[in-house]
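Inspection log for the structure reproduced underneath, given as structure tokens.
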Amino acid sequence: MEETAIPVSEQVREVAGAVEEALRVPRGDGNSPLAAANSFEAEALRAEILRVGRKLWERQYVDGNGGNISVRLGPKYVLCTPTMLSKGDMEPADICLADLEGNILAGDRLRTSELLLHLEIYKADSRARAVVHCHPPYATAFAMTGTAPPSGLISEYEMFVGPMAVAPYETPGTQAFAETVIPFVQDHNTILLTNHGVVCWADTVTHAEWLVEIVDTYCKKYLLAKQVGEPLKFIPDSKIEEILAFKRRHGYPDPRLKR
Ligand SMILES: [Zn+2]
């Protein structure tokens, strides 16, 4: 039987691929930034960031190069989106690896200037593993007024978000802007950023994006309900207590749980 020779270049490629696989570590908590960036965990998180970035763009929650996403990678690092790139056009190589001070450790692009905001949230709330910031139209309309819609009108919104905090305006990208959220982080998972947009955080990037959807849809429905012309019907207090018990059981933050 005739044997088919494998070209040398293909053999070299195969061996190089095997070595690369062998050098990879399964999780991103290795000591070196390179090991963390090359881990299977980092690869999965980059794919999730790309998927969520695409959703944000398709749902018109980001415009131009606006919005940013980050996620914790082990105890020492975060992966985050780069600056000056549409969230609908990202490739895995565009995602930056940074430390918790915001220094870039791996990646060809400059990190988002809003990483400072994300880092303040990670520092203030150990439950925060992923942060999504964007400019969804209905929530941002409220941010333009510096007010949040009243809570108590939609059960799902109450369960997963609840009364929204409103952070005062500061110039985006600055440390002063990043610090505007600090007083609110412990008791919320969503903050309206006055004259800017919204920031949400959760245990995963996917779940943080869900919060953006819930918040923007709530703002939209509230504006529609106001146009119906009938008085708003609020969920009774006793039923709000049941929702708060659900939130306590599942570890969702809510300023009313302090009572
Ligand atoms: Zn923004």
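Indexing begins at 1, ligand by ligand and atom by atom, following the structure's order. As a basis for the values below, the full set of heavy atoms in this structure was taken, side chains included, without hydrogen atoms, waters or symmetry mates. It should be emphasised that the depicted structure is a prediction, and the values quoted were computed from it without experimental measurement.
Rounding to the nearest 0.5 angstrom, the gap separating the CZ atom in R51 from the CD atom in E48 is 5.5 Å.
For C134, every N, O or S atom stays at 2.8 Å or more from the Zn ion (ligand 1).
Rounding to the nearest 10°, we obtain 110° for the angle at the Zn ion (ligand 1) between H135 NE2 and H196 NE2.
Counting just the N/O/S atoms of H133, the one with the shortest distance to the Zn ion (ligand 1) is named NE2.
Geometric assessment of R72 against the ring of Y122 yields a positive cation-pi assignment under the 6.0 Å and 45° thresholds.
Between H196 and H135, the distance from one ring center to the other falls under 6.0 angstrom.
Within 6.0 Å of atom CD in Q175, more than 12 heavy atoms from other residues, nucleotides or ligands are found, so the atom counts as buried in its surroundings.
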